[in-house]
*Asks:* 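Sharing a structure below in structure tokens format, with a few things to ask.
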Amino acid sequence: MFQPPKYESFTLNAHPFLIFAPSMTTPSKKVRVRFAPSPTGGLHLGGVRTVLFNYLFARRHGGDFVLRIEDTDRTRYVEGAEQYIIDCLTWCGLNPDEGPHVGGPFAPYRQSERKENYRAYAEQLVNSGHAYYAFDTAEELDQLRRASPNFQYSQATRYGLRNSLTLTGEEVQSLLQAGTPYVIRIRMPEDETVSFEDMIRGFVSFETGLSDDKVLLKADGMPTYHLAVVVDDYLMKITHAFRGEEWLPSAPVHLLLWEYLGWKADMPQWAHLPLILKPDGNGKLSKRDGDRLGFPVYAMNWTDPKTGDLTRGFRELGFLPEAFVNMLALLGWNDGTGQEIFTLEELVQKFSIARISKSGAKFDFEKAKWFNHEWMKRLDVGRLTSDVLKVLDENGVQGVDDAYVTKVIGLVRERLTFVSDFWGQASFFFGRPASYDVNAVKPKWTAQKKAFFELFSHSLASLESWHAVNIELVFKSLAETEAIKAGELMLPFRIMLVGGKFGPHVFEIAELLGRHETTERIRIALAEF
RNA sequence: GGCCCGUUCGUCUAGGGGUUAGGACAUCAGAUUUUCAUUCUGGCAACAGGGGUUCGAUUCCCCUACGGGCUACCA
């Protein structure tokens, strides 16, 4: 017998796309978004991208960006992870308007501190028949799963298990009074269709009968993500919810909860972001892939407090936050013009959900490096100074003149991919070469060349204006007088000042080094050749 | 297994019923830079397959394949 399927739509706005139509770029309610990480370890690059999109959307629409710590799993809680997350956001310049560190009108922002909120809502769902008490222990369920691998706590099995659907009211009451551990589970409808309009994916629909009865409130009294995310998004008046695509399958549970709690009209618009994939093979990018392939996955260095293991981050590798954020934005989004370099401000101006792609993107470290190099070349030299000073300090160089450092940066920046490359490219500006690439000089070295450099050094001593062009002039005219090709002398001169075959134009180097230092280096090197 | 999502150069992507299918990274070749890097020029390189719809599909629809995600008292 034909039964028309029950259909229930959760499309909240009669015209869901209207909100984002050009004529109506400002949603009617004040935009409020949240990043809701679990403090269990380092912050993954995908997490930062989620933050970014939240941030951009909030700023674009003049809304609020809140940080909410989802620490409902006590067993996975890691000391220091919350502060680390906040530090990462600070480094990236993506600062929340509200959060545990800055407070706000909806405090507290840690779910562990909101524990008492959740039980009442779970009970409310039990009372309305949309949820039930379940007394099965974790061990019992483990056993069931071992016995049949596809076991689900669902309509197919719930009537054979120990819960308030199968027990009498008196039995349930006495179990509860006796303090028997229990969880509260959602009672998924047997045959309904839940659908909604995802801002990125468009129409998505699910059959409720296929999902299991997710736990809402755990035996320790803490909510699971499913309950907590709905309750807090409601309480914190979240209007748009961004999260990774891995959450799509549990969306129907959340939709149902919004409905059952009576908040359907306030449900946020959902946006399920495409995943960031491993560069080789397939699958979600994980910290392990970074270790294996030799690039960072976390935003900053992370030390596991239990094992002491250090996982390197983008920041410490020498990434500029500007480049890191820029690179992340382009992983799954573009503005349609081909422009690839954006400042945060530009991103805020140009960001639109409509231009986020649906498919996952493989992370390409080479491209990430390219972004950093581009920023290395474009950034204001002064902006780079403090970072470079840090690199110098790490290499035992202190108390150098800022203006000198700034000039050096200007000279070498275009050949640096990372700030951390600075030392390798510019150490000779802060100390004499420790050794010389003599093989580059010796085979063609002659007494005549030696004489040239002695004369050259002498000329430099009386050079009136110490500028690269003048130094070069003296160098070349003397070479001519001595009948030696200038080209034959350039490399030896470079080796004298730098120690190796690298660096900016040699006369620029001499200018920066100064008269005394230049002649000294010539004198010292002459003894080596 | 079931459910959901996805599929344009090696990678990130633009595009969209009629285009020489565009750009970027990587790569290759050349030029410049009397070092190296930068920079510049050029080359290689893609619409997963099959059915429809259509005068015409890479573009719209369906199926298949492939890939991924989820399937915990984790988020």
Side-chain angles (χ1 to χ4, degrees), chain A residues 36-40 70-73 75-76 111 134 136-138 141-142 145 149-154 181-185 198 200-202 204-207 209-212 214-226 228-229 243-252 272 274-275 277-284 327 330-341 355 357-371 373-374 377 412-417 421 425 437 440 476 485-495 498 500-506:
Chain A
S38 184
T40 53
E70 309 229 333
D71 54 351
T72 55
D73 186 353
T75 63
R76 295 213 310 158
Q111 290 184 329
D136 321 85
T137 66
L141 295 177
D142 272 354
R145 268 184 271 267
N150 287 334
F151 172 82
Q152 284 205 142
Y153 208 118
S154 64
Y182 66 91
V183 300
I184 292 178
R185 286 179 182 275
D198 187 271
I200 293 171
R201 274 144 230 292
V204 187
S205 93
F206 301 85
E207 300 301 319
L210 271 5
S211 292
D212 59 341
K214 293 284 180 221
V215 169
L216 265 19
L217 198 76
K218 300 187 265 189
D220 65 1
M222 279 288 198
T224 58
Y225 172 82
H226 304 296
V229 74
R243 61 182 8 172
E245 191 189 346
E246 70 266 32
W247 289 107
L248 208 42
S250 47
H272 289 91
L275 265 17
L277 278 14
K278 312 174 189 297
D280 62 334
N282 290 295
K284 272 200 286 189
M327 179 269 292
L330 273 283
L331 221 46
W333 174 88
N334 71 82
D335 78 339
T337 68
Q339 180 179 345
E340 294 196 273
I341 303 298
R355 298 207 58 91
S357 41
K358 294 180 175 68
S359 49
K362 289 185 184 178
F363 177 65
D364 182 357
F365 189 54
E366 291 306 316
K367 185 86 184 224
K369 288 200 295 204
W370 175 80
F371 274 109
H373 186 217
E374 288 301 309
K377 290 187 291 186
V412 301
R413 64 191 317 201
E414 66 190 24
R415 58 193 69 219
L416 309 180
T417 297
D421 293 337
Q425 282 295 326
D437 183 355
K476 287 191 170 165
K485 273 194 262 176
E488 299 263 305
L489 297 162
M490 298 283 275
L491 190 59
F493 189 30
R494 169 175 298 281
I495 304 291
V498 174
K501 292 193 284 186
F502 63 95
H505 289 291
V506 68

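Fair warning: this is a prediction, and the values are worked out from it, not measured in the lab. Worth knowing before you read on, the calculation uses all heavy atoms, side chains too, and leaves out hydrogens, waters and symmetry mates. Below, chains carry the letters A, B, ... as their sequence lines are ordered, and counting in each starts from 1.
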*Asks:* May I ask you to verify if any side-chain N or O of Arg76(A) is less than 4.0 angstrom from the OP1 or OP2 atom of A75(B)?
*Replies:* no

*Asks:* Respond yes when some side-chain nitrogen or oxygen of Lys214(A) is under 4.0 Å from OP1 or OP2 of U71(B), and no when none is.
*Replies:* no

*Asks:* Please round to the nearest 0.5 Å and tell me the distance separating atom CG of Asp437(A) and atom CD1 of Ile495(A).
*Replies:* 5.0 Å

*Asks:* Quick one: which of A26(B), A75(B), A24(B) gets closest to the side chain of Glu366(A)?
*Replies:* A26(B)

*Asks:* Using a 3.5 Å distance criterion without hydrogens, assess whether the side chain of Asp198(A) forms a donor-acceptor pair with backbone atoms of His272(A).
*Replies:*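 Flag set: sc Asp198(A) to bb His272(A) pair under 3.5 Å.
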
*Asks:* Using the P atom as the point on both nucleotides, what is the distance between A21(B) and A45(B), in whole Å?
*Replies:* 13 Å

*Asks:* Between Thr72(A) and A75(B), does any side-chain N or O lie under 4.0 Å from OP1 or OP2?
*Replies:* yes

*Asks:* G42(B) pairs with which nucleotide, Watson-Crick or G-U wobble, both distances below 3.5 Å?
*Replies:* C28(B)

*Asks:* Specify whether Phe365(A) and Phe363(A) have parallel, tilted or perpendicular ring planes, treating 30° as the upper limit for parallel and 60° as the lower limit for perpendicular.
*Replies:*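 Answer is tilted, since the angle falls between 30° and 60°.
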
*Asks:* When you measure from the side chain of Gln339(A) to the backbone of Ile341(A), do you find a donor-acceptor pair of N or O atoms at a distance under 3.5 Å?
*Replies:*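 It does hold such a pair.
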
*Asks:* NZ of Lys501(A) versus P of U33(B): gap in Å, rounded?
*Replies:*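 Going from Lys501(A) (NZ) to U33(B) (P), I get 18 Å.
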
*Asks:* Could you tell me whether the phosphate oxygens of G15(B), OP1 or OP2, come under 4.0 Å of any side-chain nitrogen or oxygen in Arg355(A)?
*Replies:*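 The answer is yes; a side-chain N or O of Arg355(A) sits under 4.0 Å from OP1 or OP2.
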
*Asks:* Using heavy atoms to find the nearest nucleotide of RNA chain B for Leu210(A) and Thr75(A) separately, return the residue whose nucleotide is more 5′.
*Replies:*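 Final value for this comparison: Leu210(A).
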
*Asks:* Please give, in whole Å, the distance from C73(B) P to Gln111(A) CD?
*Replies:*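 Going from Gln111(A) (CD) to C73(B) (P), I get 18 Å.
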
*Asks:* Figure out the CG/C1' separation between Leu277(A) and C12(B), and round it to whole Å.
*Replies:* 12 Å

*Asks:* Taking the minimum atom-to-atom distance to the side chain of Ala361(A), which one of C70(B), U13(B), A24(B) wins?
*Replies:* U13(B)

*Asks:* What is the distance from CH2 of Trp370(A) to P of U39(B), rounded to the nearest Å?
*Replies:* 10 Å

*Asks:* With a 4.0 Å limit, can you tell me whether Arg145(A) has a side-chain N or O closer than that to the phosphate oxygens OP1/OP2 of C73(B)?
*Replies:* yes

*Asks:* Name the closest nucleotide to the Arg201(A) side chain, picking from C74(B), A37(B), C5(B).
*Replies:* C5(B)

*Asks:* The side chain of Glu246(A) lies closest to which of these nucleotides: A37(B), U35(B), C70(B)?
*Replies:* C70(B)

*Asks:* Given atom CZ of Phe493(A) and atom C1' of U35(B), what is their separation to the nearest angstrom?
*Replies:* 13 Å

*Asks:* Whole angstrom is fine here: how far is it from CG in Asp335(A) over to C1' in G15(B)?
*Replies:* 14 Å

*Asks:* Can you tell me if Asn334(A) touches the phosphate of U13(B), counting only side-chain N or O atoms and a distance under 4.0 Å to OP1 or OP2?
*Replies:*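 Indeed not, no polar side-chain atom of Asn334(A) lies that close.
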
*Asks:* Is the base of U38(B) touched by the side chain of Arg415(A) through a donor-acceptor pair closer than 3.5 angstrom?
*Replies:*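 Under the 3.5 Å cut-off, the side chain and the base do not form any donor-acceptor pair.
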
*Asks:* What is the ring orientation for His226(A) with Trp247(A), classed by angle as parallel under 30°, tilted 30 to 60°, or perpendicular over 60°?
*Replies:* perpendicular

*Asks:* Between Arg243(A) and Leu248(A) (side chain of the first, backbone of the second, donor and acceptor by atom type, cut-off under 3.5 Å), is there such a pair?
*Replies:* no

*Asks:* Please confirm whether the shortest side-chain N or O distance from Lys218(A) to OP1 or OP2 of A75(B) is below 4.0 Å.
*Replies:* yes

*Asks:* Nearest whole Å is fine: how far is G68(B) C1' from Lys284(A) NZ?
*Replies:* 10 Å

*Asks:* When you measure from the side chain of Leu248(A), which nucleotide among U35(B), C4(B), C12(B) comes out closest?
*Replies:*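 For Leu248(A), the side-chain atoms sit closest to C4(B).
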
*Asks:* Just compare C3(B), U38(B), C73(B) and give me whichever is closest to any side-chain atom of Glu414(A).
*Replies:*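 Among C3(B), U38(B), C73(B), the one nearest the side chain of Glu414(A) is U38(B).
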
*Asks:* Between A75(B), C4(B), G68(B), which one does the side chain of Val204(A) approach most closely?
*Replies:*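 Closest nucleotide among those given: C4(B).
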
*Asks:* Roughly how many Å apart are G15(B) and U8(B), using the C1' atom of each and rounding to a whole number?
*Replies:*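 U8(B) and G15(B) have their C1' atoms separated by 9 Å.
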
*Asks:* Between C74(B), U39(B), C36(B), which one does the side chain of Thr224(A) approach most closely?
*Replies:* C74(B)

*Asks:* Specify the separation, in whole Å, of atom NE2 of His505(A) and atom C1' of U33(B).
*Replies:* 6 Å

*Asks:* Mark yes or no for whether Asp364(A), through its side chain, and Pro279(A), through its backbone, hold a donor-acceptor pair below 3.5 Å.
*Replies:*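 Not at all, since once roles are kept as given, no pair shorter than 3.5 Å links the two residues.
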
*Asks:* Can you tell which of C3(B), U35(B), A24(B) lies closest to the side chain of Phe502(A)?
*Replies:* U35(B)

*Asks:* Heavy atoms from C-beta onward define the side chain here; which of U38(B), U71(B), C36(B) lies closest to that of Gln152(A)?
*Replies:*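 Nearest to the side-chain atoms of Gln152(A), counting from C-beta on, is U71(B).
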
*Asks:* For U35(B), which nucleotide is its Watson-Crick or G-U wobble mate, given both distances must be under 3.5 Å?
*Replies:* none

*Asks:* Given the C1' atoms of G68(B) and U53(B), what is the spacing between them in whole Å?
*Replies:*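 Going atom to atom, C1' in each nucleotide, I get 31 Å.
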
*Asks:* Mind checking whether Lys362(A) and Lys278(A) have side chains closer than 4.5 Å, heavy atoms only?
*Replies:* no

*Asks:* If the C1' atom of A48(B) is compared with that of U58(B), how far apart are they to the nearest Å?
*Replies:*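 One C1' to the other, the span is 12 Å.
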
*Asks:* Starting from the 5' end of RNA chain B, give me the residue, Glu245(A) or Ala36(A), whose nearest nucleotide shows up first.
*Replies:*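 Nearer the 5' end of the strand: Glu245(A).
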
*Asks:* Return no unless some side-chain N or O of Ser357(A) is found under 4.0 Å from OP1 or OP2 of U13(B).
*Replies:*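 Checking U13(B) against Ser357(A), a side-chain N or O does come within under 4.0 Å of OP1 or OP2.
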
